[in-house]
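See below for the structure under consideration.
As the structure lists them, so they are numbered: ligands from 1, and atoms in each ligand from 1.
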Amino acid sequence: MICPLCNGFQNVDVKCQRCQTLLTDSGKVTDFFGPYSAYEEYETLGRIEDDEAMEENCIHCFFCPACGNLQQVTIFKG
Ligand SMILES: [Zn+2]
Ligand SMILES: [Zn+2]
């Protein structure tokens, strides 16, 4: 399974929770924060079949150019 965003054949329009500006895809969370902090972040969500969930989903980091808000968006692969 592949992530459509990582492979560039799909764009996802996500709006900022704060100001409704269209967010910019800043790439995978692991690219953005580094694998270690992404893992930490993931841990706080609760250990729900970690590896399996990471296998089926790609967590992207979206950045709001207007207010600087960062949002994580889970992209389902396949
Ligand atoms: Zn991806
Ligand atoms: Zn915003």
Side-chain angles (χ1 to χ4, degrees):
M1 290 191 285
I2 49 169
C3 168
L5 248 68
C6 287
N7 288 272
F9 57 78
Q10 187 185 313
N11 277 317
V12 178
D13 288 345
V14 186
K15 284 183 179 168
C16 180
Q17 284 171 341
R18 288 189 204 158
C19 67
Q20 305 303 309
T21 301
L22 206 59
L23 300 180
T24 308
D25 181 14
S26 300
K28 288 190 292 186
V29 164
T30 47
D31 293 343
F32 199 80
F33 294 112
Y36 183 68
S37 48
Y39 183 70
E40 269 196 327
E41 179 71 24
Y42 202 74
E43 290 250 288
T44 62
L45 300 175
R47 296 180 62 86
I48 23 143
E49 306 294 323
D50 283 13
D51 295 335
E52 227 173 284
M54 288 301 270
E55 197 53 41
E56 290 179 5
N57 298 293
C58 189
I59 302 168
H60 279 252
C61 201
F62 281 77
F63 174 75
C64 175
C67 74
N69 185 29
L70 278 174
Q71 277 178 221
Q72 287 182 21
V73 180
T74 304
I75 309 294
F76 181 69
K77 297 185 198 173

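Here the angle centred on the Zn ion (ligand 2), running from SG of Cys19 over to SG of Cys64, is 100°, rounded to 10°. Put simply, the angle at the Zn ion (ligand 1) from SG in Cys58 to SG in Cys6 is close to 110°, to the nearest 10°. Vertex the Zn ion (ligand 1), arms ending at SG of Cys3 and NE2 of His60: the angle is 100° after rounding to 10 degrees.
Leu22 and Phe62 fall into different hydrophobic clusters, defined by Ile, Leu, Val, Met, Phe, Trp and Tyr side-chain heavy atoms under 4.5 Å apart, directly or through other members. The hydrophobic clustering, which links ILVMFWY residues whose side-chain heavy atoms are closer than 4.5 Å, places Leu5 and Val73 together.
One finds the CD1 atom of Ile59 at 10.0 Å from the CD1 atom of Ile75 (value rounded to the nearest 0.5 Å).
Using a 4.5 Å heavy-atom threshold, the side chains of Thr21 and Pro65 count as touching.
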